[in-house]
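Order of the sequence lines fixes the chain letters, A, B, ..., with proteins taken first and strands second; residue numbering starts at 1 for each chain. Any value given below was found using the heavy atoms of this structure, including those in side chains, with hydrogens, waters and symmetry copies removed. Source: prediction; values computed, not measured.
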Amino acid sequence: MSEDISAELVLPRERCGELLELVVKKGYRLIGPKLEQGAIVFGPLRGVDDLPEGWTDEQSPGRYRAVRRSDASLFGYAAGPRSLRRFFQLPDVELVVLRRGQDGPRLDYGSGDTRPIALIGARGCDLRALAIQDQVLARGAYPDPRYVARRANTLVIAVQCTEPSGSCFCTSMGAGPRAELGFDLALTEVVDAERHHFVVEVGSERGRELVAELALALAAPRLSSEARERVAGAAARMGRRFEEAAVHDALLANLEHPEWDRLGERCLSCTNCTLVCPTCFCTTSEDRIDLTGDVVERHVRHDSCFSEEFSHLHGGSARASIRSRYRQWLTHKFATWYDQFGSSGCVGCGRCITSCPVGIDVTQEISVIGGEPCKLNP
Amino acid sequence: MKKRLAVWKFASCDGCQLSLLACEDEFLALAEAVDIAYFLEASSRIKNGPYDLSLVEGSITTAHDLQRIQEVRRVSKKLMTIGACATSGGIQALRDFADIKEFTSAVYARPEYIETLATSTPISAHVSVDYELRGCPVNKRQLLQVVSALINDLPPHVASHPVCVECKLRGNVCVTVAQGTPCLGPITHAGCGALCPSFARGCYGCFGPADSHNVEALTRLLADQLSELEITRIFSTFNSGAPAFREQHDKLVRLRVLGKQGS
Ligand code: SF4
Ligand code: SF4
């Protein structure tokens, strides 16, 4: 019933635990935000107590700090250094094991845990990134069956973003802060001295069943509009902004810009930016043989265009200089991705900016290399 | 017929050979898979060469070892160095920066009994090496993987990317970015599995420089976190003989000397 789906409901803070328990009871594994190693990152959750209550972050190029909030928000932080990629495209996975047997070789394909995942607290940028990865890994000419299996039946309880960081620019990439699509439920956290509520938007039939089982009340229109204002406020506080439509042509017209040389001097080629990016999908395969020579495993693991070996062809690396690797990363993510997949490869989450040890800021570089059309904060 | 394995020691602390012994269960499997023909740390029983695979630990620091490594090469079909000493000269390559006579007279009661070279050099400076395994000490998983490949006549492979990749594969949060901790990870060869950053410490560079590295850019970053002297020292530890680290060390020393002269 369409009216049911569009109406907004209210989930009091005290009942968050119930929602998560219900999701677990339905057979999902919870993946959501938690405080770990001094950062708010996605990881397996046991329940509501694992959420980073009362924590937020400070982010700027090359710097991340988890800090205390003055309130008890559960979701009052921006995108952390661990994206959702690793839960669907595993960092290192056994593709196949080949065994020498009495009656010839035997092949075993690894399976792994394929219980469906419930994403808790995914943001607009996270969902847009998943949609991009789906297109690359699940819908191309060669879908990756392991990815497809792990993505199947993902339940999404999104959280609308009210707390962008200094590195964020999702509004420029059309990816947020509001998640419009791709969720079963979307929560907006409204917290102040007297209240702590979540306004709940229902995005699917599965989502509708969940709220029906919890018998949530309708949200008062005042509360709904307050929630919307908070998300709109986030849009206004974005760390940076630029004209995304101009980037493709401006970058490709400046492939010999002197800034690439400076980047070659500054960039460590550490791979951090690519490995925290939620849309990067490159992998390599490695074969491991045991001592007896009777068992060979083929593994697939995340790789990066910043590693020299990544472009190793007969006779050496095709991109031997750091300058050429940086240029490959930036032009692929922001320009040739359009030619390949019909959209930008960036969702504006700011992870690469915060996680670059030397603080290289992609938006700043685009504005230098692309010139006037790509000016920051026009 | 089983392949014949030999393990040799030159100037070193034995830690890499111990990594092989510390494989325990896998070590028994290794003893099954190959004929361990020469491995004094494990057995005094010696079988004569030639050997299919020689693992060489340690650096060359004496005239006698200069000769011995030629002999080892002669009796080995394949020769793989194991660890920082054999691959880049080890911690003992610190002697290269100073006068060896001063060291021997400071350390030994009767320095005239000591016969040693002025330098500590990697095995590859003297004979051809088929494969080098980094680390101080080597990582046992890598060691077994490479030995397994070599005895099965497959090309061995260990990734040459920086430690940062191993951090991200493990899901570590960057210690530099989130804690401000100085870390050599971005320029250091992977292999340890990001051991130190996994315990909230910066990387010390035990595996030497990664194949591609930007030492200069990392030095600029370290300058926000460490003193000049500390940075100079961090490039002169277990892999001070590796060219990328040695050049940076020497450059920083030169700059400090110049700076002092100027002031
Ligand atoms: S390029 Fe940077 S800002 Fe864009 S999606 Fe990747 S990590 Fe986020
Ligand atoms: S741009 Fe920054 S994060 Fe990316 S490889 Fe270079 S130094 Fe590392």
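Contact annotation for B:Ala217: both backbone and side-chain heavy atoms come within less than 4.5 Å of a heavy atom of chain A. Residue contact with chain A, scored on non-hydrogen atoms closer than 4.5 Å, involves the backbone of B:Arg170 exclusively. Residue contact with chain A, scored on non-hydrogen atoms closer than 4.5 Å, is absent for B:Glu216. Within the 4.5 angstrom heavy-atom criterion, no atom of B:Ala200 approaches chain A. Both the backbone and the side chain of B:Leu218 come within contact range of chain A, each with at least one heavy atom under 4.5 Å from a heavy atom of that chain. Neither the backbone nor the side chain of B:Val146 comes within contact range of chain A; no heavy atom of the residue lies under 4.5 Å from a heavy atom of that chain. Both the backbone and the side chain of A:Leu268 have a heavy atom closer than 4.5 Å to some heavy atom of chain B. For B:Asn214, the parts sitting under 4.5 Å from any heavy atom of chain A are the backbone and the side chain alike. Residue A:Ser304: no heavy atom, backbone or side chain, is found under 4.5 Å from chain B. For B:Ala210, no part lies under 4.5 angstrom from a heavy atom of chain A. Of the atoms belonging to B:Leu30, heavy atoms from both backbone and side chain fall under 4.5 Å from chain A.
Environment of CZ in A:Arg68: crowded, with over 12 heavy atoms of neighbouring residues, nucleotides or ligands closer than 6.0 Å. Counting heavy atoms of neighbouring residues, nucleotides and ligands inside a 6.0 Å radius, atom CZ of A:Arg301 exceeds 12 of them. Around atom NZ of B:Lys77, no more than 12 heavy atoms belonging to other residues, nucleotides or ligands sit under 6.0 Å away. Applying the 6.0 Å contact sphere to CZ of B:Arg220 captures more than 12 heavy atoms from other residues, nucleotides or ligands.
By number of non-hydrogen pairs under 4.5 angstrom with chain B, the leading residue of A:Pro81, A:Gly264, A:Gly62 is A:Gly62. Chain A forms more heavy-atom pairs under 4.5 Å with one residue of B:Asp224, B:Leu144, B:Asp211, B:Asn172 than with any other, namely B:Asn172. With chain A as partner, the option from B:Glu32, B:His213, B:His157 having the largest number of non-hydrogen pairs under 4.5 angstrom is B:His157. Most heavy-atom pairs under 4.5 Å with chain B: of the set A:Ser321, A:Ala320, A:Gly293, this distinction falls to A:Gly293. Comparing B:Asp153, B:Val165, B:Ile151 by how many heavy-atom pairs each has under 4.5 Å with chain A, the most go to B:Val165. Your options are B:Cys183, B:Ala178, B:Pro162, B:Ala33, and the one with the most heavy-atom pairs under 4.5 Å with chain A is B:Ala178. Chain B forms more heavy-atom pairs under 4.5 Å with one residue of A:Arg63, A:Glu286, A:Arg65 than with any other, namely A:Arg65. Ranked by non-hydrogen atom pairs under 4.5 Å with chain A, the options B:Ala149, B:Gly185, B:Cys167, B:Gly171 are led by B:Gly171.
For the atom pair A:Ser355 OG and B:Lys168 NZ, the distance stands at 6.5 Å (nearest 0.5 Å).
Side-chain contact between B:Cys164 and A:Leu275 is absent, with no heavy-atom pair separated by less than 4.5 Å.
Proximity to chain B among residues 306-317 of chain A is limited to A:Ser307, A:Glu308, A:Glu309, judged by heavy-atom separations below 4.5 angstrom.
Residue A:Cys270 comes nearest to B:Pro186 through the heavy atom pair CB-CB, 3.8 Å, listed as atom of the first residue, atom of the second, then distance. Contact between B:Gln145 and A:Arg288 at its shortest, heavy atoms only, is NE2-CD, 3.5 Å. The minimum heavy-atom distance between A:Pro357 and B:Thr176, with the atom names listed, is CB-CG2, 4.4 Å. Of all heavy-atom pairs between B:Asn152 and A:Leu291, the closest is ND2-O, 3.4 Å. Nearest heavy atoms, A:Ile322 versus B:Ser212: CG1-OG, 4.2 Å. Of all non-hydrogen atoms in B:Leu169 and A:Arg86, the two that sit nearest each other are O-NH2, 2.9 Å.
The main-chain N or O of B:Ser148 is never found under 3.5 Å from a side-chain atom of A:Asp290 such that the two would form a donor-acceptor pair.
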